[in-house]
*Asks:* 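Can you read through this structure? Questions will come right after.
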Protein chains: 2
Amino acid sequence: MRYRRGFRGGFLKRISRWTKSRMAILDVFRRVKGHLSADEVFLRLRKNYPNIGIATVYRNLDYLHKKGILSRFQFGNNKASYELSEKFLKGVQHHHHLICTNCGKVIDYTDFIKEETDLIREMEKALSKKYGFKIQSHQLHFYGICKDCMKGGDQNAVG
Amino acid sequence: MRYRRGFRGGFLKRISRWTKSRMAILDVFRRVKGHLSADEVFLRLRKNYPNIGIATVYRNLDYLHKKGILSRFQFGNNKASYELSEKFLKGVQHHHHLICTNCGKVIDYTDFIKEETDLIREMEKALSKKYGFKIQSHQLHFYGICKDCMKGGDQNAVG
DNA sequence: TTAATAATGATAATCATTATCATTTAATTT
DNA sequence: AAATTAAATGATAATGATTATCATTATTAA
Ligand SMILES: [Mn+2]
Ligand SMILES: [Mn+2]
Ligand SMILES: [Zn+2]
Ligand SMILES: [Zn+2]
């Protein structure tokens, strides 16, 4: 997985200071597939950066999100999770999510993205005009019951 | 606005006890268009039910959501908001949301619902099969900058 | 009316996130 | 390389949202 064209000249340029902890946080996301909450990032970091503070993690997640490097999600469990933006890293493809309301599992899917993109593009154009709203991103979430919970009952029930 | 067929025989039947506060909370949603957070519901209730507790509000929002009467959203401001489910009340139409990342405003839109529903139906079928995931609902969120924030700058900036 | 128990209100506790502030550090300038 | 400057950090207090606890009350069905 390589950086997209424009990584150093584009995204990196927007970052005012390339700190040790900021690099480390971004490294975590490069290594991990999927979504991480602030405390999950914090736990993974403590191994190599035992002095890092949780506030620094929160600050940088927010910062990197504002810079367009991380996408931010709230799947319904009262905490934010983040993943690398598809705009930032080559290999992250546009995708959406299936969220199990029983166990909290989140599944990425990339099916129907072509059809979806066509429709979304059209919608964005019309909605922008109608509501004077400048659309920057979209999220499509499907809520339901995952395969495991379907058979197994609620042994892993969330909440 | 009248209840959908099946209100008394359907939704009401699933509710174990039809309490004063539970009725009052549902009444708030019937009167208000749009999304309400727990504390917003609580504030509106205090007028007529000065003894109601905030915990009761939280419990009932969760309860009514689990019963399919309220839809639950997390638009990215770290708190849940609710609205009447389209399945529950006649007059609530299927819609999605534009969320301003600057001021937090949420706009309902009902445009493109026909086209969207066609695609979503197809996707749900395929995703259900592929992932063994029983889909119950979906949410489509557009994030961006609203009209007011576009012109006015960040005078009402959120967070 | 009584019995069973779901629901409530008060409030403590928890969890996620943000604010404060003195200190450190990255980047820029001399 | 040393000095400068402001962004960033870590510790931790504070806040905001939500959940847990528990004794009491109210709803429902018998
Ligand atoms: Mn994802
Ligand atoms: Mn809505
Ligand atoms: Zn599940
Ligand atoms: Zn706005």
Side-chain angles (χ1 to χ4, degrees), chain A residues 8-9 11-28 35-67 69-70 72-82 101 104 157-159, chain B residues 8 12-28 35-67 69-70 72-82 101 104 157-159:
Chain A
R8 304 196 73 82
F11 284 102
L12 246 181
K13 189 171 292 177
R14 301 181 212 165
I15 286 175
S16 74
R17 292 188 189 185
W18 202 240
T19 344
K20 219 175 173 208
S21 14
R22 189 163 289 167
M23 271 190 278
I25 288 169
L26 201 43
D27 271 347
V28 166
H35 320 90
L36 296 173
S37 60
D39 58 303
E40 286 167 339
V41 172
F42 181 63
L43 288 178
R44 281 170 190 272
L45 281 174
R46 300 206 66 166
K47 210 179 303 161
N48 299 318
Y49 300 83
N51 294 325
I52 198 166
I54 183 70
T56 298
V57 174
Y58 274 102
R59 280 185 294 236
N60 274 296
L61 291 176
D62 188 50
Y63 182 88
L64 294 169
H65 172 235
K66 289 208 176 98
K67 296 296 179 184
I69 291 173
L70 296 179
R72 183 191 151 99
F73 300 92
Q74 295 237 152
F75 291 127
N77 55 352
N78 300 334
K79 68 170 122 175
S81 47
Y82 298 81
T101 54
V158 73
Chain B
R8 304 197 73 82
L12 246 181
K13 190 171 288 175
R14 300 180 212 164
I15 286 175
S16 74
R17 293 186 187 185
W18 201 239
T19 350
K20 218 174 173 208
S21 16
R22 189 163 289 165
M23 271 190 278
I25 288 169
L26 201 43
D27 271 346
V28 167
H35 320 91
L36 295 173
S37 59
D39 58 303
E40 287 168 338
V41 173
F42 182 62
L43 287 178
R44 282 170 190 274
L45 282 174
R46 301 206 66 166
K47 209 179 306 163
N48 299 316
Y49 300 83
N51 295 324
I52 199 167
I54 183 71
T56 299
V57 174
Y58 274 102
R59 279 185 296 235
N60 274 297
L61 291 176
D62 188 51
Y63 182 88
L64 294 169
H65 172 234
K66 289 209 176 98
K67 296 297 180 183
I69 291 173
L70 295 179
R72 183 191 150 100
F73 300 91
Q74 297 237 150
F75 291 125
N77 55 352
N78 300 333
K79 68 170 121 176
S81 46
Y82 299 82
T101 54
V158 73

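Note that this is a predicted model, so its numbers are computed, not measured. Letters A, B, ... mirror the listed sequences (proteins, then strands); counts begin at 1.
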*Asks:* Send over the distance from A:Lys67 NZ to D:dA7 P, rounded to a whole Å.
*Replies:* 11 Å
*Asks:* Do side-chain atoms of B:Lys79 reach the backbone of B:Ser37 as a donor and acceptor pair under 3.5 angstrom?
*Replies:* no
*Asks:* Hey, does B:Asn60 reach any base, or is it just sugar-phosphate, or nothing, if we go heavy atoms under 4.0 Å?
*Replies:*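 Since only primed, P, OP1 and OP2 atoms lie under 4.0 Å of B:Asn60, the category is sugar-phosphate.
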*Asks:* Quick check: do A:Tyr49 and A:Ser21 have side-chain heavy atoms less than 4.5 Å from each other?
*Replies:*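 Not touching, per the 4.5 Å side-chain cut-off.
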*Asks:* Going by the side-chain contact (heavy atoms from CB on, under 4.5 Å) test, name the single residue among A:Leu45, A:Leu36, A:Val28 that passes it with A:Val57.
*Replies:* A:Leu45
*Asks:* Between C:dT18 and A:Tyr58, is there an OP1 or OP2 to side-chain N/O distance shorter than 4.0 Å?
*Replies:*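 Result: no.
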*Asks:* Return the value, rounded to whole Å, for the distance between atom CD of A:Gln74 and atom P of C:dC15.
*Replies:*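 Between P of C:dC15 and CD of A:Gln74: 18 Å.
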*Asks:* Taking the side chain as C-beta and beyond, is there a heavy-atom pair between A:Leu64 and A:Ile15 under 4.5 Å?
*Replies:*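 Heavy-atom side-chain distance check passes, below 4.5 Å.
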*Asks:* Taking the nucleotide of DNA chain C with the nearest heavy atom to each, does A:Lys20 or A:Arg59 sit closer to the 5' end?
*Replies:*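 Nearest nucleotide further toward 5': that of A:Arg59.
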*Asks:* Quick check: on DNA chain D, is the nucleotide nearest B:Asn78 upstream (toward 5') of the one nearest B:Thr19, or the reverse? Name the residue that is more 5'.
*Replies:* B:Asn78
*Asks:* Could you state the NZ-P distance from B:Lys66 to D:dT19, rounded to the nearest angstrom?
*Replies:* 8 Å
*Asks:* Which listed nucleotide (C:dT8, C:dA16, D:dA7) is nearest to the side chain of A:Lys79?
*Replies:* C:dA16
*Asks:* Between B:Phe75 (CZ) and D:dA17 (P), how many Å, whole number?
*Replies:*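 Rounded to the whole Å, the gap is 16 Å.
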*Asks:* Quick one: label B:Ser21 by what it contacts on the DNA or RNA (base, sugar-phosphate, nothing), any heavy atom closer than 4.0 Å.
*Replies:*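 Answer is sugar-phosphate: B:Ser21 comes under 4.0 Å of backbone atoms only.
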*Asks:* How many Å lie between CG on B:Asp39 and C1' on D:dT19, as a whole number?
*Replies:*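 Whole-Å distance recorded here is 16 Å.
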*Asks:* Per the atom types in the model, does the base of C:dT5 pair as donor or acceptor with the side chain of B:Arg17 at under 3.5 Å?
*Replies:*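 Side chain to base: pair found, below 3.5 Å.
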*Asks:* Nearest whole angstrom, please: distance from the C1' of D:dA26 to the CH2 of B:Trp18.
*Replies:*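 About 16 Å, once rounded to whole Å.
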*Asks:* Calculate the interatomic distance between A:Tyr63 atom OH and D:dT9 atom P; express it in whole Å.
*Replies:*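 The distance from OH of A:Tyr63 to P of D:dT9 comes to 9 Å, rounded to the nearest Å.
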*Asks:* To the nearest Å, how far apart are B:Asn77 CG and D:dA17 P?
*Replies:* 9 Å
*Asks:* Within the side chain of B:Lys67, is there an N or O that forms a donor-acceptor pair under 3.5 Å with the backbone of B:Arg14?
*Replies:* yes
*Asks:* At under 4.0 Å between heavy atoms, what does A:Arg22 touch on the DNA or RNA strands: base, sugar-phosphate, or nothing?
*Replies:* sugar-phosphate
*Asks:* Of all of residues 50-57 of chain B, which get a heavy atom below 4.0 angstrom from DNA chain C, listed by number?
*Replies:* B:Asn51, B:Ile52, B:Gly53, B:Ala55, B:Thr56
*Asks:* Main chain of B:Ala80, side chain of B:Arg72: is a donor-acceptor contact present, judged purely on distance under 3.5 Å?
*Replies:* no
*Asks:* So which heavy atom on B:Trp18 is nearest to which on B:Leu26, and how close?
*Replies:* CH2-CD2, 3.5 Å
